[in-house]
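Because the structure is a prediction, the values reported are computed rather than measured.
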Number of protein chains: 2
Amino acid sequence: MGEVNIKKLASELNLSAATVSRALRDSHEISAETKARVMEMAKKLAYEPNPFASSLRQQKSKTIAVIVPEVANNFFALAIKAIEEVARAKDHHVLIYQTHESGEIESSFMTSLLSGRVDGVLISPACHVANKKYFQKVSEKIPMVFFDRDHDDIEGVKITTDDYESAYNATLHLVEAGCKKIGYLAALETLTTGKKRLQGYLDALKDNNLESMPALIEGNCENNESCRSKVKDFIAERKPDGIVSSIEELALPCYYACKELNLNIPKDLKLITYSNLAHAELLNPPLSTINQPAFEIGNEAATILFKMFSKRWYDPNITISLKSSIIKRESSRS
Amino acid sequence: MGEVNIKKLASELNLSAATVSRALRDSHEISAETKARVMEMAKKLAYEPNPFASSLRQQKSKTIAVIVPEVANNFFALAIKAIEEVARAKDHHVLIYQTHESGEIESSFMTSLLSGRVDGVLISPACHVANKKYFQKVSEKIPMVFFDRDHDDIEGVKITTDDYESAYNATLHLVEAGCKKIGYLAALETLTTGKKRLQGYLDALKDNNLESMPALIEGNCENNESCRSKVKDFIAERKPDGIVSSIEELALPCYYACKELNLNIPKDLKLITYSNLAHAELLNPPLSTINQPAFEIGNEAATILFKMFSKRWYDPNITISLKSSIIKRESSRS
DNA sequence: TTTATTTACGTAAACGTTTACGAATAAGAG
DNA sequence: CTCTTATTCGTAAACGTTTACGTAAATAAA
């Protein structure tokens with residue numbers, strides 16, 4: 001059928017394909033009059049350039065990949081929102097991949113991107129990691145930016161938050177609120193992100209001569225049942241009077257657990273957590289949060305990626321840290 | 001540099017490019033031995049086929065587009081999660097586009113997809129609509145499925161929920177809880193989705209001989225300040241004793257408004273809303289919700305799209321409706 | 001006027017696949 | 001032994017762009 005392409009335009013206008021192509025790209029080699037004619041005909045025939053032919057020829061895809069553990073997550077959804085907006089402004093397309101925290105899935109995504117399908121990658125790595133070689137392989141070939149999560153043994157451009165300081169300060173907040181037995185719900189333990197948060201928690205307690213109670217809740221917290229019961233067991237057995245949660249997915253189970261255990265938040269247990277819940281204020285009680293600037297992280301990561309495209313970015317190994325904000329609410333009140 | 005492609009593989013193996021290509025695609029025309037040799041060499045050289053060359057030649061992109069108003073939204077994030085999973089299982093890629101409720105942006109996305117960039121489109125249309133011609137244009141050329149939202153004057157394959165029934169039943173629930181002046185926070189009024197919800201609300205009141213109080217809150221509810229004050233004004237001026245909210249983004253402002261107006265939920269005002277908040281139960285008070293099966297909608301829409309690809313779907317104009325579930329909680333207790 | 005430069009366009013190759021067509025060899029049928 | 005068929009591979013064209021190179025005409029420089 002009459003698919004309209006450059007050749008069709010050319011024959012319609014009695015021009016060569018080359019001229020049409022140049023006219024469409026507003027080349028200086030083409031007269032204003034010809035450009036106008038070409039544009040008009042392109043519009044008339046509703047010409048849409050074939051992106052694959054372009055990409056094949058130019059070795060550019062005008063597409064970026066975003067690899068995240070999950071889309072249905074307050075933090076990542078916000079980051080993706082920002083990324084898509086930046087990409088749109090730069091007339092680029094956005095491919096989404098979910099790893100579900102699996103290193104193998106991540107690996108297969110990453111290596112498939114070596115085909116040239118995308119011009120750049122934004123990644124927040126999975127916490128279950130298999131073999132990290134693919135990070136190096138990909139970043140050697142295409143610009144790549146880590147956001148939020150990263151591995152300390154992998155070099156690269158990284159946009160993170162002040163994980164250590166925010167965990168330290170959140171813990172300190174609970175100490176100042178009078179907590180003596182502060183537990184920590186760990187996650188992301190294989191990632192720099194998780195390690196720093198844990199260290200911030202540990203150091204804050206050490207600096208205040210308090211014992212630490214870190215607990216690693218294994219398993220995917222999507223599965224609420226098992227996750228809730230583990231959190232409940234932790235609270236029941238260790239009887240903390242305060243909890244710092246390293247992820248939102250471990251904090252909300254505390255609410256359910258406390259209900260079941262007849263514990264009052266904040267009287268019996270004070271709680272603060274990393275979270276991007278938009279309405280933490282509406283919870284019962286309002287939840288104290290360490291709020292990461294998710295949108296800004298996505299925005300910054302994408303912006304830097306585009307700078308890398310245009311060679312306006314030279315440092316291949318840098319970590320940029322954005323500040324989280326601690327919002328103290330009822331759940332940690334003394 | 002030594003980019004490895006089919007020609008490279010071919011020369012390395014003393015074969016023709018055609019043979020290598022066929023071997024990689026497991027063609028019956030190639031001997032088992034040759035296939036093995038090719039596979040081995042491909043693995044050894046870490047060959048990744050160029051997707052643009054493939055797509056150009058085959059006129060297939062192995063990519064689908066998802067067009068949504070926003071990614072950072074509980075409903076759409078869940079739907080996208082499901083869609084990505086289905087696409088992954090089918091070895092397809094997922095492009096994400098946000099319209100921010102703008103018909104013009106939507107139009108430009110849609111028409112750009114006419115280039116063949118994607119094999120299919122999943123769309124939840126923007127509520128501000130300019131000129132709907134592009135829906136027809138696109139669906140004539142590539143398989144397309146509407147999900148959650150749709151226009152009644154556009155034909156197509158649509159996956160929705162029981163908007164009328166759920167709104168009717170939610171309203172009925174408030175009636176039975178003793179409400180006499182039930183307000184309605186309207187949204188999506190240009191879409192079938194919004195119209196049906198409104199009608200369900202209106203009919204439920206009519207059937208119970210009660211007056212209706214629909215209120216259309218204009219403007220993007222992302223902007224919480226203006227949205228909140230409008231909701232607050234509505235409650236203060238019209239003094240409803242019950243509210244059915246057509247979207248989550250209008251229900252949560254009710255919590256803030258009631259705080260400011262010193263109204264108690266549910267004593268002074270009972271509230272029920274469409275929502276995909278994972279933890280409505282933890283709000284103060286727990287929020288009664290009309291819960292749409294977001295994941296299932298995404299899953300169903302994507303599954304049908306792939307059936308359309310393989311011609312296992314013939315009905316070009318059908319609406320499949322999934323059931324929402326009404327979860328009654330404290331916010332609407334009598 | 002001659003030469004050099006600019007302007008505006010065309011020709012053809014290239015990007016990396018896939019595939020229609022053809023051909024050579026081997027195997028089977030008669 | 002000849003003829004048919006199956007098996008296995010190669011040649012070359014095609015997908016729709018972009019771009020290096022060439023060229024003719026027009027203009028400027030000498």
Side-chain angles (χ1 to χ4, degrees), chain A residues 1-39 41-42 45-63 91 112-119 141, chain B residues 1-39 41-42 45-63 91 112-119 141:
Chain A
M1 52 178 250
E3 274 307 309
V4 37
N5 53 27
I6 283 199
K7 286 176 191 168
K8 176 86 177 267
L9 284 184
S11 78
E12 208 77 24
L13 290 160
N14 277 329
L15 288 171
S16 73
T19 301
V20 174
S21 173
R22 281 189 275 246
L24 290 171
R25 327 188 98 243
D26 200 29
S27 160
H28 66 276
E29 299 184 55
I30 304 299
S31 73
E33 186 201 7
T34 304
K35 280 181 189 171
R37 285 181 58 220
V38 171
M39 292 300 186
M41 184 62 73
L45 300 187
Y47 168 70
E48 288 288 339
N50 183 307
F52 304 120
S54 273
S55 292
L56 179 59
R57 180 57 224 248
Q58 301 191 102
Q59 310 280 39
K60 291 232 162 71
S61 65
K62 299 199 105 190
T63 305
D91 199 27
S112 88
L113 295 181
L114 290 170
S115 65
R117 183 182 292 276
V118 298
D119 296 337
K141 200 181 166 197
Chain B
M1 51 176 247
E3 274 307 310
V4 37
N5 52 27
I6 281 199
K7 286 176 191 167
K8 177 86 178 267
L9 284 184
S11 78
E12 208 77 22
L13 290 160
N14 276 328
L15 289 170
S16 74
T19 301
V20 173
S21 174
R22 282 189 274 248
L24 290 171
R25 329 189 96 243
D26 200 29
S27 159
H28 68 276
E29 300 184 53
I30 305 299
S31 73
E33 187 201 7
T34 304
K35 280 182 189 172
R37 284 181 60 218
V38 170
M39 291 301 186
M41 183 63 72
L45 300 187
Y47 167 72
E48 288 288 338
N50 184 307
F52 305 121
S54 268
S55 293
L56 179 59
R57 180 57 223 248
Q58 302 190 102
Q59 310 281 40
K60 289 231 162 76
S61 64
K62 298 199 105 186
T63 305
D91 198 27
S112 87
L113 294 182
L114 290 171
S115 65
R117 184 182 292 278
V118 298
D119 297 335
K141 201 181 166 198

Open item on the list: From NZ of A/Lys7 over to C1' of D/dG16, roughly how many Å is that when rounded to an integer?
Closed with: 6 Å
Open item on the list: Could you tell me how far apart B/Arg37 (CZ) and D/dT8 (P) are, to the nearest whole angstrom?
Closed with: 14 Å
Open item on the list: Please report the distance, rounded to the nearest Å, between CD in A/Gln58 and C1' in C/dC15.
Closed with: 11 Å
Open item on the list: Check the phosphate of C/dA14 against A/Gln59, side-chain N and O only, distance under 4.0 Å to OP1 or OP2. Yes or no?
Closed with: no
Task: Close side-chain approach of A/Ser31 and A/Glu33, heavy atoms under 4.5 Å - done: yes
Open item on the list: Among C/dG16, D/dC9, C/dC9, which nucleotide has an atom closest to any side-chain atom of A/Leu15?
Closed with: C/dC9
TODO: Report yes if at least one side-chain N or O of B/Ser16 is closer than 4.0 Å to OP1 or OP2 of D/dG10; otherwise report no.
DONE: yes
- [ ] Measure the distance from NZ on A/Lys8 to P on D/dC15 and round it to the nearest whole Å.
- [x] 14 Å
Open item on the list: Check whether A/Asp119 reaches the backbone of A/Ser61 with its side chain - one donor and one acceptor, N or O, closer than 3.5 Å.
Closed with: yes
Task: Earlier contact from the 5' end, DNA chain D, for B/Ile30 and A/Ile6 - done: B/Ile30
TODO: Identify whether any heavy atom of A/Pro51 sits under 4.0 Å from a base atom; if not, whether one sits that close to sugar-phosphate; answer base, sugar-phosphate or nothing.
DONE: nothing
- [ ] Please work out which residues in residues 20-29 of chain A have a non-hydrogen atom less than 4.0 Å from an atom of DNA chain C and list them by number.
- [x] A/Arg22, A/Glu29
Task: Test item: B/Arg22 side-chain N/O and B/Glu29 main-chain N/O as donor-acceptor pair under 3.5 Å - done: no
- [ ] Check whether any side-chain N or O of B/Ser31 sits under 4.0 Å from OP1 or OP2 of D/dC9, and answer yes or no.
- [x] yes
TODO: Apply side chain to side chain contact (heavy atoms under 4.5 Å, CB included) to the pair A/Lys35 and A/Asp26, showing each step before the final yes or no.
DONE: CA-CA 7 Å; A/Lys35 280 181 189 171; A/Asp26 200 29; 3.0 Å; yes
TODO: Show your working on side chain to side chain contact (heavy atoms under 4.5 Å, CB included) between A/Asp91 and A/Lys62 and close with a plain yes or no.
DONE: CA-CA 7 Å; A/Asp91 199 27; A/Lys62 299 199 105 190; 3.2 Å; yes
- [ ] Whole angstrom is fine here: how far is it from CG in A/Asn5 over to P in D/dC15?
- [x] 9 Å
Task: Where A/Ser112 and B/Glu48 come nearest, the two heavy atoms and their spacing - done: CA-OE1, 3.8 Å
TODO: Could you tell me whether the side chain of B/Ser21 and the main chain of B/Ala17 form a donor-acceptor pair under 3.5 Å?
DONE: no
Task: side chain to side chain contact (heavy atoms under 4.5 Å, CB included) assessment of B/Asn50 paired with B/Asn5 - done: CA-CA 8 Å; B/Asn50 184 307; B/Asn5 52 27; over 6 Å; no
Open item on the list: Heavy atoms from C-beta onward define the side chain here; which of C/dT19, D/dT17, D/dT19 lies closest to that of A/Ser54?
Closed with: D/dT17
Open item on the list: So, OP1 or OP2 of C/dC9: does either fall under 4.0 Å of a side-chain N or O from A/Thr19?
Closed with: no
TODO: Would you kindly give the CG-to-P distance between B/Asn50 and D/dA14, to the nearest whole Å?
DONE: 21 Å
- [ ] Report yes if at least one side-chain N or O of A/Thr34 is closer than 4.0 Å to OP1 or OP2 of C/dC9; otherwise report no.
- [x] yes
Open item on the list: What is the separation between atom NZ on A/Lys35 and atom P on C/dC9, rounded to the nearest whole Å?
Closed with: 10 Å
Task: Interatomic distance where CD belongs to B/Glu48 and C1' belongs to C/dT17 [whole Å] - done: 15 Å
Task: Closest listed nucleotide, where the reference is the side chain of B/Ala18 and the choices are D/dT11, D/dC15, C/dT17 - done: D/dT11
